[in-house]
Number of protein chains: 2
Amino acid sequence: MPITMKDIARMAGVSVVTVSRALNNKPDINQGTKDSIIQIAKDLDYTPHGLARSLITRKTNTLGIIIPNTEDSFYAAVVDGIGNESREREYSVILCSSHSDPDEELRMLRLLREKRVDGMLVYPTQEDDRYIDVLRHSPIPFVFLNRHTDALECDYVINDNIHGAFSAVDELIRKGYYQIIYICARPDASSGKERIAGCKAAFRKHDLDSRNLRIMTCEETIQSCYDLVKGIIKDTSGKPDALFLWDDRLAIGAIKALLEENLSIPEDMAVVGYDDIEISKFLYPSLTTVRQPTYQIGGTATRILIDKLESQDFAGPQRIVLKPELVVRETT
Amino acid sequence: MPITMKDIARMAGVSVVTVSRALNNKPDINQGTKDSIIQIAKDLDYTPHGLARSLITRKTNTLGIIIPNTEDSFYAAVVDGIGNESREREYSVILCSSHSDPDEELRMLRLLREKRVDGMLVYPTQEDDRYIDVLRHSPIPFVFLNRHTDALECDYVINDNIHGAFSAVDELIRKGYYQIIYICARPDASSGKERIAGCKAAFRKHDLDSRNLRIMTCEETIQSCYDLVKGIIKDTSGKPDALFLWDDRLAIGAIKALLEENLSIPEDMAVVGYDDIEISKFLYPSLTTVRQPTYQIGGTATRILIDKLESQDFAGPQRIVLKPELVVRETT
DNA sequence: TTCGTAATCGATACCGTTACCGTTTACATA
DNA sequence: TATGTAAACGGTAACGGTATCGATTACGAA
């Protein structure tokens, strides 16, 4: 039985309405009674009841996040960006991991609706459109993270995968690497397709035969990339001189495989990663990589969402494309 | 204006009470009316109003997490453990990062109380006891993560820092490294003190002069550790033959510094980390490290908390100590 | 004196749900 | 026939706040 406004009201000899006015800086209240009410509330260590308040104001000051997982440091950075921005704007955050499971995503969605979050930040696992339909029919505003959708009037913040991959391969070609393998973890996802397109665009720019670009697929684990690269080294057909990896984690696996086989980097083989996670700079050799504005993706998406929530006039859908930046280090 | 039970009731020609019974599998309802009500609810795409429900049931099915930050992959693993366990038990999670700021911690605490979370998982930044006082006087059950406190009746899940550090140094000594430097990031925190104690215990066990153990301090950034190790290498006084690092991130910085100075690992210098983050296995050379059951810390703490919430009879405080495990790889 | 107005406060309804208890009906039992 | 009992449902009051509007008071102006 925690302290309620009723208790305070009784002690102060006023009505709950007056207490509410005092505690929320509302007008129509005498400064004196206000002070004493605030004092009493402090003495009793009163804590406002968020649920009761939200029920009537129809505002929870809470956002929901749905992301594929929470273990990957890439997503952790996104969440960090979201967390910081929303904290500044006085919103809380309910975190939901879908574990890359579409059904789970739908469940989380329902959950967030039940919890009456004011808005949602959604990083979809899949490209499935029925999922988008559900979102659109939901009354809760949302912003997509790294999910490109022109089909409808919805906001998103993405990074320019095409440009990112392009700048990586362009760098390789300009340094004289022509036999390039792109090791892609999600070739069927939109981000995968875009990056592959970016690779090809770089070849076109330099008038090179794009048959020199090989696309290979591996799982999103370091081990699987390590194994794949081992195989590539053993394989004598074709002689790649550069590897462009899906992300920095996989690049670490690739580097280990190369070094173990006594190949020198970047002389025998150049390596380029994607993301620029913290440790990439401190690898030996340090990793050339495409820096994704991961933190900003979370931050700006949150800003857009809250702006939308708090402004009456709805401007058209916000579609923000953040440019990744190539960071050249020792592996090229 | 979303659909409410009232709407359903009107359509079904029954009272809201009956609707509530139908939708919540309560007794005292005819199967036929129940079916039709459920059908109507489905047709209208009814979403229960969590706030209203929680207000009367006094249960939000939500937990609050307070951790120092969300960017570090170490904490991400903890959060992952919490998220998975709570999802299985049908609890949501409100994530709060304190940014290692005590005042912020207090604010988050108030926030979670306002939101009426059922319980909290707290990973305190500081050792400050006034903070613990606030927690104890709060009506909300909580479990500490990696925070040791015998002073009061509270639950916690920690890992055995003493044993972890001991096993690392013990390994070094047994392999013939006697001039060991422990680079500690948080020497004043309880975890720091415990690890230092663990180091010393290993020296005692082998009857070695603990003056051969040097404790050095650096910030919790890779860069600062890298700089520190560079300094150590240049410094000719004392000739360490092994480094034991605060965590794997710092170990990566140390390794880079060593390799750049053409020292070979582990011949010239052995290196041991702490945590066993995913990439440690894929470094070249791969890192010997103390594997912390990070994920389990989050998971078991959540289990304890929910068990406590859902059981009437309160068993005494749960205090769980998880043993870290030394993983020997190529840097020793 | 009368009236308007600003300042201050309270009564009441409501937000959407569940808890609690009472009511009705049907039917078996004494 | 009278009574007991179980099944099925509804009425009402919460839960803890805020919105809305109306009431009271004091005071200066007409």
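Chain A is the first sequence line, chain B the second, and so forth, proteins listed ahead of strands; every chain is numbered from 1.
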- Query: With sequence neighbours excluded, what pairs up with T18(A) under the side-chain contact (heavy atoms from CB on, under 4.5 Å) test?
  - Reply: V14(A), S15(A), R21(A), I29(A), I37(A)
- chain B vs DNA chain C, heavy-atom contacts under 4.0 Å, first-to-last nucleotide span, 5' to 3', is dG16(C) to dA19(C)
- Starting at the 5' end of nucleotides 8-18 of chain D, put B wherever the base has a protein heavy atom under 4.0 Å, S where only the sugar-phosphate does, and a dash everywhere else. BBBBB-BBBBS
- Query: If you look only at pairs with a residue in residues 100-130 of chain A, which of them pass as a ring pair (Phe, Tyr, Trp, His ring centres under 6.0 Å), with sequence neighbours excluded?
  - Reply: Y75(A)-Y123(A)
- Task: Report yes or no: does D133(A) contribute a side-chain atom to a donor-acceptor pair with the main-chain N or O of R136(A) at less than 3.5 Å?
- Result: no
- side-chain hydrogen bond (donor to acceptor under 3.5 Å, both in side chains) partners of R147(A), counting only residues at least two apart: T149(A)
- Message: Which residues pass the side-chain contact (heavy atoms from CB on, under 4.5 Å) test with Y91(A), not counting sequence neighbours?
- Response: K59(A), N61(A), L63(A), S86(A), R89(A), D118(A), I306(A), L309(A), E310(A)
- Task: For R116(A), enumerate each residue passing the side-chain hydrogen bond (donor to acceptor under 3.5 Å, both in side chains) test, keeping only those at least two apart in sequence or located in another chain.
- Result: none
- Item | Non-neighbouring partners of P102(A) that pass side-chain contact (heavy atoms from CB on, under 4.5 Å), sequence neighbours left out | Q126(A), R130(A)
- Item | Partner residues of D35(A) under the side-chain hydrogen bond (donor to acceptor under 3.5 Å, both in side chains) criterion, sequence neighbours left out | Q31(A)
- Message: Please enumerate all residues that pass side-chain contact (heavy atoms from CB on, under 4.5 Å) together with S190(B), with sequence neighbours excluded.
- Response: E127(B), E194(B)
- Message: If the helix axis at each end comes from five base pairs, how far does the helix from dT1(C)-dA30(D) to dA30(C)-dT1(D) deviate from straight, to 10°?
- Response: 70°
- Item | Pairs satisfying salt bridge (Lys or Arg N to Asp or Glu O under 4.0 Å), at least one member in residues 37-52 of chain A, at least two apart | D45(A)-R113(B)
